[in-house]
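Notes for the one structure printed next.
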Amino acid sequence: MEGNGNGNGNGKSLERMVSLKALQMGNSFSCQICVVGFLSGVCLTSLFLAALTSFASFQFASPNSTSSFLNVFTGQECDSKSQAVERMVISHNVIEVRVNDHVNSIYSAWSEMLNMSNTGQGLFSRDTITDGSQVHRPPHLENCKLTSEANRLLDKRTEDAKLPPWTMWKGFLNNYPLSTKEQQQGYNGNQAISKGSDEENYPLTRKVQSDIWVHQHPVNCSDPNLRFLVTDWERIPGFGMGAQFAGMSGLLAIAINEKRILVTNYYNRADHNGCEGASRSSWSCYFFPETSQECRDRAFELMNEKGAWENGVITVKENYTTKQIWTGPIPRVWGSPWTYIQPTTEVNGTLIGYHRKMDRRWWRAQALRYLMRFRTEYTCGLLNAARHSAFGWEAAELVHSSRVSEFDMKDSPSAIEKYVWSNHEPWTPRPLLSVHVRMGDKACEMKVVQFEEYMHLADRIRHRFPHLKRIWLSTEMQEVIDKIKLYANWKFYYSNVRRQLGNITMAVYEASLGRETSTNYPLVNFLMATEADFFIGALGSTWCFLIDGMRNTGGKVMAGYLSVNKDRFW
C-alpha cells in the first residue's frame with residue numbers, strides 16, 4: 001500500500017502542467033516519438049530503482065506515489081503509451097527520490113531489512129547497521145515478536161491459575177520490576193482488572209470480552225463436566241471470508257448458550273504455504289486460537305471416544321441446523337445491551353436508532369472482536385509490509401526531519417520507553433478515512449452504489465474535518481481504481497492486486513488470485529479499516545457490517561459510520 005504525495009501548491013501546479021503538456025504532445029506525431037523515447041528511458045530507470053525498493057511478496061500502490069511510479073512503469077504498464085502518459089503527473093516525485101538521498105537511504109534500508117523478515121525483528125535493534133551506518137527504528141512498523149510475547153502473557157492464566165494480568169495497562173508495563181517498598185504498599189496488578197468504561201465501544205464490550213475469554217479458558221480442561229463444540233470453518237463454495245466470520249460467530253453463540261468450549265478445526269483460508277507448521281489450515285495462523293492448547297487437545301481426544309458422542313460431551317457443526325447457526329438465539333448472559341446502543345450510523349442523511357437485528361449486530365461484533373483479539377506474528381508481518389508500502393516514505397521523511405543524533409540512537413532504551421511506550425501503535429498518517437466499495441456480483445443481494453456516491457459521503461466528512469485528505473480504499477473492482485484520478489484533492493492508498501473486470505463472481509475472482517493472496521490482501525484491508533479514523537461502506541455488505549462491528553468494539557463507535565445503503569436488516 002503506497003500513498004500518493006500531494007505536495008505543496010507548486011507541486012500541484014507542476015503536476016497539472018506536466019499532465020497538460022503530456023496530453024498536448026499526444027496530438028503531435030513528432031512529439032509522440034519524443035514521448036515514447038522519454039517513457040522508454042523512464043521504464044529502464046524505474047526497473048533499476050524497483051530492484052532497490054522491492055520488499056514484500058505483495059505490494060500496494062496509489063496513483064501519485066513514488067513507489068507507484070516504479071510499479072506502473074514496470075511490467076505490462078510500460079507497453080501502453082496511453083497509460084504511461086496518464087501517469088506522467090508523478091514524474092516530479094521520482095526527481096525528489098533522486099535528490100533526497102538521505103530519505104531514500106533510510107527508506108531503502110528499512111525495505112531491505114523488511115524483505116528479510118516482515119515481522120521486523122532486525123528493525124528494532126538499537127544498533128541496527130546497514131551498509132556501515134545506523135538506521136533509526138521505523139515508527140510505522142511493529143516489532144511483531146515482542147508484541148506477540150506481550151499478548152501471550154495476556155492470553156494465558158498465571159502459574160497459580162489466576163486470570164491473566166488484565167490491568168488497564170498494556171504492553172510490557174506489567175513486567176516492570178517493582179521495588180520492595182512498592183510491593184509492600186499493596187500494588188497488585190492481577191487485581192486491577194479493567195472492566196472500564198465503554199464510552200467508545202458498544203455497551204458492555206470490556207466485560208463481555210473478558211467473560212468470553214474465561215468461558216473459553218477453563219482452569220482445568222480435563223474436568224469431566226466440560227463439554228465441547230468442535231467445528232471446521234465454513235467452506236461452502238462461494239462463501240466469502242465475511243460469511244465465514246459470521247458463521248463462526250453463530251457457532252460461538254451456540255457454544256456459550258450450551259455451556260460448551262468452542263474449538264475450531266480446519267480453516268481453508270489458511271491452507272497455503274504462508275501458514276507454516278501447526279498453523280497451516282488453522283485460524284491460529286492469523287490470530288490467537290479461540291481456546292487453550294490444553295482444551296484443544298482434550299476435545300480432539302474425546303472425539304475418539306464413543307461415549308463422549310453418546311453422552312453429548314462432543315458436538316460438531318453438523319449437529320445444528322443452518323437456522324440455528326445463522327439466526328439462532330443470541331447469548332442472554334449479559335441481558336440485552338443492544339437495546340441501549342446509541343445511533344451512530346447514518347443512511348441517506350438520517351441516523352438509524354433502531355432496526356430489526358440490533359441483537360445480532362451487537363453479538364457478531366463481540367464474537368469477532370474475541371476471535372481477532374490478538375494477531376499472530378504472521379498477520380503482524382503482513383500489516384508491516386502494507387504499512388511500509390503505504391507510509392514508508394513519509395515515515396522516512398519524518399525520521400530524517402527529526403534529525404535524531406547517533407548518540408541518542410546508541411543509548412540503551414529507558415524504562416519509560418521499554419515499559420510505558422511499549423504499547424503505542426505504529427505511526428499512521430492521520431486522519432485516515434477507510435472506504436470499502438462493494439460492487440460486482442453483490443448486485444444479486446443488495447443495491448449496488450457507484451463510487452461517486454461513496455466519494456460524496458467522503459466530501460461530507462471532509463467538510464466537517466477539513467484536515468482529512470487521506471483515503472484507504474479497498475475494492476475488488478478495477479473501474480473504481482480507475483476513477484480515483486478524478487479526485488486529485490484526495491490522497492489514496494490501495495492494494496496493488498489484479499482486480500475484477502466485469503461482473504464475475506467473487507469465488508471465480510478469488511480463485512484466480514490464489515488462496516494465499518485472496519486471503520491476505522483483504523484481511524490486511526479489513527484490519528486497516530478497523531484502525532482508520534472514519535469509515536464509509538455499505539451496510540448490505542457482510543464485510544462492511546463486520547468492519548463496523550470491529551470498529552465499534554475497538555474504540556471507534558463515536559467516529560460514526562456512513563453507509564451508501566441500508567439493505568437487509570435495516
Exercise. Have a look at Trp283 and tell me which of Phe245, Phe374, Tyr378, Tyr266 forms a ring pair (Phe, Tyr, Trp, His ring centres under 6.0 Å) with it.
Key: Phe245

Quiz item: With a 4.5 Å limit on heavy-atom distance, are the side chains of Phe526 and Met372 in contact?
Solution: yes

Quiz prompt | Pairwise side-chain contact, Pro138 with His388, heavy-atom cut-off 4.5 Å (strictly under) | solution = no

Quiz item: Does some side-chain heavy atom of Pro331 sit less than 4.5 Å from a side-chain heavy atom of Asn257?
Solution: yes

Quiz item: Does Phe451 have its ring centroid less than 6.0 Å away from the ring centroid of Tyr487?
Solution: yes

Practice problem: Decide yes or no on side chain to side chain contact (heavy atoms under 4.5 Å, CB included) for Met550 and Lys556, but give the supporting numbers first. | Solution: CA-CA 9 Å; Met550 282 290 285; Lys556 301 291 185 181; over 6 Å; no

Quiz prompt | Test item: Ser148 side-chain N/O and Lys145 main-chain N/O as donor-acceptor pair under 3.5 Å | solution = no

Quiz item: At their closest point, which heavy atom of Leu473 faces which heavy atom of Val480, and how far apart are they?
Solution: CD2-CG1, 4.1 Å

Quiz prompt | Test item: Leu146 and Glu149 side chains (from C-beta on) under 4.5 Å apart, heavy atoms | solution = yes

Exercise. State whether the number of non-hydrogen atoms from other residues, nucleotides or ligands found under 6.0 Å of Lys156 atom NZ is greater than 12.
Key: no

Self-check item: Check: Val347 and Asn565 side chains under 4.5 Å, non-hydrogen atoms
Solution: no

Self-check item: side chain to side chain contact (heavy atoms under 4.5 Å, CB included) between Tyr202 and Arg369, worked out
Solution: CA-CA 11 Å; Tyr202 272 165; Arg369 167 60 57 183; over 6 Å; no

Exercise. Check the pair Trp472, Glu531 against side chain to side chain contact (heavy atoms under 4.5 Å, CB included), reporting the backbone distance first and the verdict last.
Key: CA-CA 10 Å; Trp472 187 282; Glu531 297 174 1; over 6 Å; no

Quiz item: Is there a donor-acceptor pair under 3.5 Å between the side chain of Ser518 and the backbone N or O of Arg515?
Solution: yes

Practice problem: Report the residues that fulfil ring-ring contact (aromatic ring centres under 6.0 Å, His included) with Phe300, sequence neighbours left out, ordered by chain and then residue number. | Solution: none

Self-check item: Nearest-0.5 Å distance that lies between atom CD in Gln293 and atom OG in Ser284
Solution: 8.0 Å

Quiz prompt | Trp213-Tyr370 aromatic ring centre distance below 6.0 Å | solution = no

Practice problem: Before accepting this row, confirm whether a basic side-chain N of the pair Arg499/Glu479 lies closer than 4.0 Å to the acidic partner's carboxylate O. | Solution: no

Quiz item: Got a salt bridge between Arg375 and Glu142, using NZ or NE/NH1/NH2 to carboxylate O under 4.0 Å?
Solution: no

Quiz item: Is the side chain of Ser292 donor-acceptor paired with the backbone N or O of His217 at a distance under 3.5 Å, no angle test?
Solution: no

Quiz prompt | Pair Phe288-Leu154, side chain to side chain contact (heavy atoms under 4.5 Å, CB included): steps then yes or no | solution = CA-CA 11 Å; Phe288 278 32; Leu154 299 176; over 6 Å; no

Quiz item: Can you tell me if Glu290 uses its side chain to pair, donor with acceptor, with the backbone of Thr264 under 3.5 Å?
Solution: yes

Self-check item: Glu510 bridged to Arg269 by N-O distance under 4.0 Å
Solution: yes

Practice problem: Please answer whether the main-chain N or O of Asp548 pairs with a side-chain N or O of Asn552 as donor and acceptor at a distance below 3.5 Å. | Solution: yes

Quiz item: With distance as the sole test, does Ser495 use its side chain to make a donor-acceptor pair with the main-chain N or O of Val497 at under 3.5 Å?
Solution: no

Self-check item: Any donor-acceptor N/O pair, Thr345 side chain to Tyr561 backbone, under 3.5 Å
Solution: no

Quiz item: Can you tell me if Asn265 uses its side chain to pair, donor with acceptor, with the backbone of Thr231 under 3.5 Å?
Solution: no

Quiz item: Looking at OG1 of Thr344 and CZ of Arg551, how far apart are the two atoms once the value is rounded to the nearest 0.5 Å?
Solution: 10.0 Å

Quiz item: Hey, is the main chain of Gly247 close enough, under 3.5 Å, to the side chain of Trp326 for a donor-acceptor pair?
Solution: no

